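First the structure, then my questions, so here it is.
Residue numbers start at 1 and run along the sequence shown. Model, not experiment: these values are computed from the prediction. One-based numbering, in listed order, for ligands and for the atoms of each.
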Amino acid sequence: MKALFCYSEDDFRLEEMPKPKITSDQMLVKMSYTGLCGSDVIKIFDPKDKKPRVYGHEFVGKVFEKGDNIKSFDIGDTVVAAHHIPCYECHYCLHGNHSMCRHFKETNIYPGSFAQYIRLSKEHIEKTVHKLPESQDLKEAIFIEPLSCCVRAMDRIGCLKGDYFTVVGVGAIGLLFIQLINLGGANAIAIDLDSRRLSLAKDFGADYIINPKDVDLVKEVRKITDIGADQTILTVTNNITLNNAVNYSRDGGVINIFGMANKRQPFSIDFERVYKRELTIKSHYSGTPESLKKAYDLIVKGEVKVGPLITETLDLADFKEGLDLMLDKKIYKAIFGLQQG
Ligand SMILES: [Zn+2]
Ligand SMILES: [Zn+2]
């Protein structure tokens, strides 16, 4: 079968590898579509992440082969799944840090979703594989996994009616957050340097939009919220976005780190202000099988819309092109298929 091997940040090769073999408790899924996630991008650029490697975890596919013991799915079913599964019993899990669970980190789909076929383990099948209804648009279903991460973050953050959330960076993730904030009855203030993206944020339900290039960001947030933002979600965390958030958060406000900037830079932050104003800095990493099920329902029922985020599908052989389009912000998400799949 074909799989996309990443050798370095600018060397990607579609190569042949053996099709994964399955046991009587496993399934092989033929990839229909797979999405490039911001977390894949960070790993691709991380020299410490071991390569060559097949990345990818956002996928929709059809059951191609199944073991004799699999009764809950049939050949041809279209499915989605979470790639990591926590143990629910360890110290991390008992404290709600499911994505820090060692078992969570060890479980994965094989070899990664940038491949023609993906093997799902017994544990995946029992805990996190979901069949999609036939009416479901397959490309839209790619957003179930990223939405799952946002859902888990919102569950950890808590959404009080009437609160003011700033969402910094309105790429795909920011637009998903805006909709979850709306569903929670809070106000969403979208912040981005790209006016075109801000206008789509409005269509997606942002109550306010701010382009820091045009106005004084801190003053503008204060004008809208009076006392400052209750919650900030940083989909892009760098020195500037973090320090801005410290400045426009209300006393006692919370800054939530959800995504890092691709280019690393040292942070300097005024911790005396953080302390005296009782600010909290939290982070949220990845989703769980539970948040994936919630995200599945939101997308299948159409309560979260993603249609406008989808552009054309690229062939996995043109991976670099998709990566560049996403890095250059020309598309919201690179979605790949396999031409001769
Ligand atoms: Zn993802
Ligand atoms: Zn655990």
Side-chain angles (χ1 to χ4, degrees), residues 4 6 31 33-46 49 53-61 79-109 111-115 118 121 123-124 126-130 138-154 156 169 171-177 180 233 235-237 257-260 262 283-296 298-299 304 306 309-310 316 319 322-323 326-327 331-336:
L4 193 275
C6 169
M31 187 266 285
Y33 295 110
T34 179
L36 174 58
C37 176
S39 68
D40 293 320
V41 176
I42 287 172
K43 286 175 193 154
I44 287 168
F45 281 89
D46 182 357
D49 210 60
R53 186 174 155 185
V54 178
Y55 289 106
H57 57 268
E58 300 174 355
F59 72 95
V60 179
V79 295
V80 291
H83 51 308
H84 299 310
I85 304 162
C87 76
Y88 300 103
E89 285 171 354
C90 72
H91 194 78
Y92 300 104
C93 285
L94 294 177
H95 286 78
N97 304 117
H98 295 96
S99 53
M100 298 298 114
C101 164
R102 295 307 178 251
H103 187 70
F104 181 94
K105 292 181 188 295
E106 282 160 12
T107 46
N108 211 339
I109 55 172
S113 68
F114 298 155
I118 303 153
S121 74
E123 200 179 0
H124 281 90
E126 285 170 353
K127 293 183 177 157
T128 183
V129 180
H130 301 281
L138 298 191
K139 288 184 203 169
E140 292 193 5
I142 283 291
F143 287 88
I144 291 174
E145 196 282 331
L147 179 62
S148 156
C149 303
C150 303
V151 165
R152 175 169 178 268
M154 286 303 283
R156 286 160 56 87
I173 291 292
L175 296 174
L176 296 177
F177 269 118
L180 295 177
I233 297 175
T235 74
V236 184
T237 309
I257 297 179
F258 189 83
M260 296 303 291
N262 289 327
S283 67
H284 310 278
Y285 184 84
S286 202
T288 59
E290 288 66 39
S291 62
L292 186 103
K293 180 62 178 66
K294 287 187 192 175
Y296 169 96
L298 288 168
I299 297 238
V304 164
V306 294
L309 306 181
I310 297 166
L316 204 48
F319 183 83
L323 174 66
M326 214 160 116
L327 290 176
I331 54 174
Y332 283 92
K333 181 174 281 295
I335 298 177
F336 302 96

Exercise. Can you label the angle between the Phe114 ring and the Phe336 ring as parallel, tilted or perpendicular, going by 30° and 60°?
Key: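 Plane angle over 60°, so perpendicular.
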Quiz item: Has His98 got an N/O/S atom less than 2.8 Å from the Zn ion (ligand 2)?
Solution: no
Self-check item: Between Ser286 and Ser99: side-chain donor-acceptor atoms closer than 3.5 Å
Solution: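 No, because no side-chain N or O of Ser286 sits under 3.5 Å from a partner of the opposite role on Ser99.
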Quiz item: Are side-chain heavy atoms of Phe59 and His57 found at a separation under 4.5 Å?
Solution: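 Phe59 does not reach His57 side chain to side chain.
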Exercise. Return the set of protein N, O or S atoms whose distance to the Zn ion (ligand 1) is under 2.8 Å, each given as residue and atom.
Key: Cys37 SG, His57 NE2, Glu58 OE2, Glu145 OE1
Quiz item: Can you tell me the angle formed at the Zn ion (ligand 2) by SG of Cys93 and SG of Cys90, to 10°?
Solution: 110°
Quiz prompt | Ring centres under 6.0 angstrom apart (Tyr296, His130) | solution =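 Here the rings of His130 and Tyr296 have centres that are less than 6.0 Å from each other.
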Quiz item: If we ignore angles and hydrogens, is there a donor and acceptor under 3.5 Å between the side chains of Glu290 and Tyr88?
Solution: yes
Self-check item: Single hit among Leu176, Leu298, Thr288, Leu292 for side-chain contact (heavy atoms from CB on, under 4.5 Å) with Ser148
Solution: Leu292
Quiz item: Does NZ in Lys294 sit with more than 12 non-hydrogen atoms of other residues, nucleotides or ligands closer than 6.0 Å?
Solution: no
